[in-house]
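For reference, the structure is listed below as structure tokens.
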Protein chains: 2
Amino acid sequence: MATIDDVAKASGVSKGTVSNVFSRKRPISKEVTERVLAAAKALHYKPNYWARSLVNRSTRILGLNIRGESFQFGQFHLSLMNGVLRVCYEHGYRLLVNTLSPAYLSRVEHIASDPVDGEILLDPLEGDERIADRFHIGLPVVIVGRPPGPYEGKVSYVDNDNIGMAAQVTRYLLDLGHRDILFLNAPAGSTVSADRGAGYAAAFWQAGLEPKSGRMLYKPLQDSPSHAFGYESALAALAASPDVTAVIADTDTMALGVYKAAEQLGLRIPEQLSVFAFSDDSVLSPEFSPPLTGVRLHADRLGAEATRLLLEQLGTAEKSVKRVLVPSELVIRGSCAPPAPIYP
Amino acid sequence: MATIDDVAKASGVSKGTVSNVFSRKRPISKEVTERVLAAAKALHYKPNYWARSLVNRSTRILGLNIRGESFQFGQFHLSLMNGVLRVCYEHGYRLLVNTLSPAYLSRVEHIASDPVDGEILLDPLEGDERIADRFHIGLPVVIVGRPPGPYEGKVSYVDNDNIGMAAQVTRYLLDLGHRDILFLNAPAGSTVSADRGAGYAAAFWQAGLEPKSGRMLYKPLQDSPSHAFGYESALAALAASPDVTAVIADTDTMALGVYKAAEQLGLRIPEQLSVFAFSDDSVLSPEFSPPLTGVRLHADRLGAEATRLLLEQLGTAEKSVKRVLVPSELVIRGSCAPPAPIYP
DNA sequence: AAGTAGCATTAAACCGTTTTAACAAATTCT
DNA sequence: AGAATTTGTTAAAACGGTTTAATGCTACTT
């Protein structure tokens with residue numbers, strides 16, 4: 001690989017001049033410019049990214065950090081990443097996807113700071129260490145999802161209105177006449193599951209009702225497939241308590257598991273069991289039979305907004321903290337209906 | 001951000017010693033080690049990634065390069081990326097997703113070399129400039145898909161057996177009795193569309209038949225949604241020539257468009273029209289009605305194998321060229337059947 | 001004619017690491 | 001005891017760029 005010195009030597013100028021030819025920071029005479037460009041082309045010279053970043057104190061790279069435990073992308077993450085990539089694409093930034101295994105991280109012990117100008121953190125947990133880490137080294141950060149308590153108001157983030165959304169959904173099911181609703185929630189400890197759980201409960205209270213205890217189940221944090229969790233937990237819960245007439249699932253994949261459980265128990269959807277999902281997949285959901293009623297989260301917009309927020313933060317020195325709520329919409333298809341009347 | 005000099009000063013040693021404490025390349029006395037570590041922790045010191053990379057001539061970063069025109073990921077790319085990420089994850093590498101817009105690239109003009117140790121190139125085109133670029137600067141490269149002619153045997157790649165696969169599929173449809181098969185192929189100029197087109201034709205010849213001319217359509221390179229292309233081209237073709245009894249679509253999304261066109265024309269699938277897709281989505285396809293017959297491409301395995309090949313190449317100095325073929329399987333569901341007998 | 005301003009170029013300093021070569025001090029070998 | 005080796009540490013030299021300050025020109029004022 002040719003260096004700037006090679007080019008300088010080949011064209012008979014100093015390396016400072018070569019640098020200026022490329023960056024156009026200072027005017028260089030036409031004649032010299034051409035000579036340098038010719039030499040650079042002949043040598044297949046490209047400036048070294050690291051050396052440049054070192055002195056510029058900036059890579060044009062953004063980081064996307066997904067918690068180490070789950071490196072498997074689902075539809076939501078994919079869609080979100082599409083949004084991130086689109087904005088990166090427009091602004092000439094690259095994206096560094098950062099999913100180092102905890103095993104590897106602990107092995108290396110003294111890991112270097114990430115080579116990014118800023119970072120997007122996904123799926124914040126209550127007591128998430130990642131945020132404190134970034135604060136110490138002064139790395140600009142935007143979070144997708146509500147940050148844990150101590151950091152609210154201290155860091156910019158993008159989120160759906162999870163409390164309101166969960167309340168709306170629960171109210172919808174309550175209005176249909178359901179009284180015993182199983183909620184297969186996101187993993188305990190994540191802020192999103194806390195918010196949705198709160199919204200679920202709030203809707204009951206507001207209707208003058210009380211949610212049955214033991215009806216909120218959390219997906220385990222470890223990589224158990226959503227599909228399996230939906231299937232197994234729905235099967236167990238429905239078999240144990242036939243009063244359950246509706247299920248709210250965290251994802252469409254999980255809902256697919258619920259469909260399977262219903263089929264096995266001989267429960268028809270939606271006549272005997274209503275199923276709802278916090279789904280983001282507009283391709284998949286309509287193809288369920290019956291088509292899955294859910295909510296559109298606009299994951300791509302979450303990603304795009306987060307990226308914009310981050311870029312904005314990079315541009316200005318001031319550390320303004322912003323919060324963006326991306327609206328979500330109930331999409332009613334065919335998987336929810338009033339509960340069957342109880343016959344003797 | 002604290003530097004190594006700060007730590008050195010704070011603990012009263014030279015920076016070389018600090019470096020050695022972290023890298024363990026040379027033994028440092030226990031006493032000094034502790035003093036340095038304490039100072040580092042107090043200052044929240046983390047080694048600077050760029051400076052380290054500069055002298056090491058290695059980042060532990062792999063690049064994933066998707067052609068600039070299409071930055072929108074589909075199911076195939078997602079799945080593939082999952083495979084790449086998984087292997088990266090295991091080996092302590094990060095992934096740099098590289099989708100800079102051509103507009104931006106041309107604006108910057110003299111772009112620096114990518115800050116990666118090696119790169120995975122997706123969707124090679126006939127006459128793809130990216131490969132030559134990487135060769136000139138000596139960057140290790142693995143391609144997913146068959147590289148264009150001049151580079152066969154010069155660069156490692158991972159691919160499905162697209163020729164064989166397309167031939168197998170076409171034979172399957174011929175055996176069912178179809179004679180006029182519309183092929184909605186990948187964009188012209190991509191090596192994958194060439195291979196599949198060749199397989200399609202080969203199956204006809206081998207059966208002593210001849211493919212009808214004008215029955216192979218290529219998706220435009222620009223970002224026209226697959227869904228729309230499937231819908232529009234199928235609608236036009238089926239309306240113009242009622243002899244067509246089967247359609248091979250490039251992706252499941254495209255097949256969805258074909259389904260829509262069939263519905264609009266009042267054609268029942270599979271009785272009046274057979275539909276097939278080179279699909280990789282094991283979640284989506286079974287949910288079509290009728291479930292979509294297709295082929296499992298194992299995109300994740302393509303990604304994982306490509307990554308392994310690349311890492312292997314990085315480890316050893318020798319430039320061995322390897323080719324890995326990932327098997328694909330016909331998955332017969334419910335969208336293909338013998339053509340309807342022709343009644344007067 | 002001398003002073004000043006502007007332009008193109010360069011030598012040297014710098015960015016934050018790792019690595020090399022040198023160097024004492026402590027240990028082991030004849 | 002003196003030479004040879006080992007051990008722990010350091011100053012200085014990379015790595016490949018950018019930026020600063022200085023320099024030699026030419027052209028323009030006064």
Side-chain angles (χ1 to χ4, degrees), chain A residues 1-37 39-40 43-61 108 110-117 137-139, chain B residues 1-37 39-40 43-61 108 110-117 137-139:
Chain A
M1 188 61 201
T3 75
I4 198 171
D5 278 306
D6 299 332
V7 177
K9 225 167 284 171
S11 48
V13 296
S14 76
K15 52 187 208 164
T17 304
V18 176
S19 175
N20 281 321
V21 166
F22 280 93
S23 64
R24 301 182 187 287
K25 297 235 168 169
R26 281 156 188 280
I28 299 291
S29 70
K30 193 147 201 165
E31 186 210 3
V32 172
T33 300
E34 280 173 9
R35 216 167 58 216
V36 169
L37 252 35
L43 292 169
H44 293 297
Y45 167 72
K46 295 207 170 191
N48 182 302
Y49 206 100
W50 319 310
R52 186 180 265 189
S53 301
L54 180 56
V55 50
N56 285 345
R57 321 169 99 50
S58 149
T59 61
R60 291 178 67 88
I61 300 181
V108 179
H110 302 288
I111 199 85
S113 62
D114 279 351
V116 296
D117 292 348
I137 63 175
L139 187 74
Chain B
M1 189 59 202
T3 75
I4 199 171
D5 277 308
D6 299 331
V7 176
K9 225 167 285 169
S11 48
V13 296
S14 77
K15 50 190 207 162
T17 303
V18 177
S19 175
N20 280 322
V21 166
F22 281 94
S23 64
R24 302 182 187 286
K25 298 235 169 168
R26 281 158 188 280
I28 299 291
S29 69
K30 194 150 202 166
E31 187 211 3
V32 173
T33 300
E34 280 173 10
R35 216 166 60 217
V36 169
L37 250 36
L43 292 167
H44 293 296
Y45 167 72
K46 296 207 170 191
N48 182 302
Y49 206 102
W50 319 310
R52 186 179 265 189
S53 301
L54 179 56
V55 48
N56 284 344
R57 322 170 97 51
S58 148
T59 60
R60 292 177 68 88
I61 300 181
V108 179
H110 302 289
I111 199 84
S113 61
D114 280 351
V116 297
D117 292 348
I137 62 175
L139 187 73

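Numbered from 1 within each chain, the chains take letters A, B, ... in sequence-line order. Bear in mind that the values here come from a model prediction, so they are computed numbers and not experimental data.
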Set of residues satisfying side-chain hydrogen bond (donor to acceptor under 3.5 Å, both in side chains) with respect to A:Ser53, sequence neighbours excluded: none
Any residue meeting side-chain hydrogen bond (donor to acceptor under 3.5 Å, both in side chains) with A:Ser58, in chain and number order, not counting sequence neighbours: A:Asp117
Contacts of type side-chain hydrogen bond (donor to acceptor under 3.5 Å, both in side chains), residue A:Ser23, not counting sequence neighbours: none
B:Ser14: side-chain contact (heavy atoms from CB on, under 4.5 Å) partners, not counting sequence neighbours: B:Thr17
Rounded distance (Å) that lies between atom P of C:dG16 and atom NZ of B:Lys9: 11 Å
Between the protein and nucleotides 25-27 of chain C, which nitrogen or oxygen pairs come in under 3.5 angstrom?
none

From A:Arg57 atom CZ to B:Trp50 atom CH2, the distance as rounded to the nearest 0.5 Å: 7.5 Å
Anything under 3.5 Å between a donor and an acceptor, one on a side chain of residues 5-13 of chain B, the other on a protein residue two or more places apart or in another chain? List them.
from: B:Asp6; atom 1: OD2; to: B:Thr3; atom 2: N; distance (Å): 3.0
from: B:Ser11; atom 1: OG; to: B:Val7; atom 2: O; distance (Å): 2.7

Validation row: B:Pro115, B:Ile61 side chains within 4.5 angstrom (heavy atoms): no
Listed partners of A:Tyr45 passing ring-ring contact (aromatic ring centres under 6.0 Å, His included), at least two apart: A:Phe22
Value in whole Å for how far the C1' atom of C:dT18 lies from CZ of B:Arg24: 17 Å
Rounded to 10 degrees, the angle between the two terminal axes of the helix from C:dA1-D:dT30 to C:dT30-D:dA1, each from five pairs: 50°
Partners passing side-chain hydrogen bond (donor to acceptor under 3.5 Å, both in side chains) against B:Asn48 (at least two apart in sequence or in another chain): none
Nearest heavy-atom neighbours spanning B:Asn20 and B:Arg26: ND2-CD, 3.5 Å
Reading 5' to 3' through nucleotides 14-28 of chain D, protein heavy-atom contacts under 4.0 Å coded B for base, S for sugar-phosphate only, - for none: -BBBBBB--------
